[in-house]
Amino acid sequence: MTLVYFSWIRETIGKSEEEIILPLDVTTVSGLIAHLKSLGEEYQAALAKPELLKIAIDQEYAGPDNSIASASEIAIFPPVTGG
Amino acid sequence: MINIRVQSEAFNSAAEGENLRSGNLDIGATVAFTGYVRSEENSLTSMTLEHYPGMTEKQLDKIAAQAEERWPLDGLTIIHRYGKLLPGDPIVLVIAASRHRAHAFSAASFVMDFLKSEAPFWKKEDGKDGTKWIAAKDSDLNALKHWD
């Protein structure tokens, strides 16, 4: 699975994308976030505030309870500020 | 006709309006909105827009399709820029065309409200006080409520 990061989340984690192999018990968006936080300080800092995280699974918005079982690309980014 | 572009180059609002009408003599109204980079009273030196290629276009397509479902439109153009922009530079253009003005006004406003909350763009400001990412505004989310 590919993870992609944008804006200050990308800068805080220190990369724009990465391939990841998840433990079998990580099956939802919230499980993914919890797992990433266990990977190091930079993830903890980037993902500390759930209200500042937007998630897209294969380029569609998703919520914390959504399954990531069939996802090929998951994006994590802050609330958008275009226009 | 729906015309959606995400690009780094500038756009020409007048030419885009003419393109959208392109000989359709039943169009009675076009409403064009252009958003520009503010200087914030000369404190901003530049703004950089990042986006999520692929998802951006998908979200804009979706918003345009919703606008077409709600109002009888004869055309809709959405152009959004990314990359480094300077104060006064145009960022976004929305043009809605319809037989009558009310539909064009409503559709252009609807597209901008949803674009601000759903299209994956992020603005970073460079200025006197250094560099900072712009935070999303609650007022932009609240703006969606009157379309329910």
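Naming: A, B, ... by sequence-line order, numbering from 1 per chain. Just so you know, these numbers come straight off a predicted model, no measurement behind them.
Put simply, CE on B/Met55 and CZ on A/Phe77 are 4.0 Å apart, with the number rounded to the nearest 0.5 Å. In this structure, OH on B/Tyr52 lies 5.5 Å from CZ on A/Phe6, to the nearest 0.5 angstrom. To the nearest 0.5 angstrom, A/Thr81 atom OG1 is 9.5 Å from B/Glu125 atom CD.
Atom CZ of B/Phe11 sits in a crowded spot, with more than 12 heavy atoms from other residues, nucleotides or ligands closer than 6.0 Å. Within 6.0 Å of CD on A/Glu41 lie no more than 12 heavy atoms contributed by other residues, nucleotides or ligands. Within 6.0 Å of CD in B/Glu41 there are 12 or fewer heavy atoms belonging to other residues, nucleotides or ligands. Heavy-atom neighbours of A/Lys54 NZ from other residues, nucleotides or ligands within 6.0 Å: at or below the threshold of 12. Within a 6.0 Å radius of CZ in B/Arg38, other residues, nucleotides and ligands contribute 12 heavy atoms or fewer.
B/Ile95 and B/Phe114 are members of different hydrophobic clusters when ILVMFWY side chains are connected at heavy-atom separations under 4.5 Å. Under a hydrophobic-cluster definition in which Ile, Leu, Val, Met, Phe, Trp and Tyr are linked whenever side-chain heavy atoms come within less than 4.5 Å, directly or via other members, B/Ile79 and B/Val31 are assigned to different clusters. Hydrophobic clustering places A/Ile13 together with A/Leu22 (ILVMFWY residues linked when any side-chain heavy atoms are closer than 4.5 Å, directly or through intermediates).
Of all heavy-atom pairs between A/Glu11 and B/Trp133, the closest is OE1-NE1, 2.9 Å. When all heavy atoms of B/Trp122 and A/Ser7 are compared, the closest pair comes out as CG-CB, 3.7 Å. When all heavy atoms are compared, the tightest approach of A/Asp58 to B/Lys58 is O-NZ, 3.5 Å.
Between chain A and the residues B/Lys124, B/Met112, B/Lys137, the most heavy-atom pairs under 4.5 angstrom are made by B/Lys124. Contact count against chain B (heavy-atom pairs under 4.5 Å) is highest for A/Pro78 among A/Ala56, A/Pro78, A/Ala75.
The contact between B/Lys116 and chain A is made by backbone and side chain atoms together, counting heavy-atom distances below 4.5 Å.
For B/Lys123 (side chain) and A/Gly83 (main-chain N/O), a donor-acceptor pair under 3.5 Å exists by modelled atom type.
Side-chain contact between B/Lys62 and A/Glu60: present, with at least one pair of heavy atoms (C-beta onward) separated by less than 4.5 Å.
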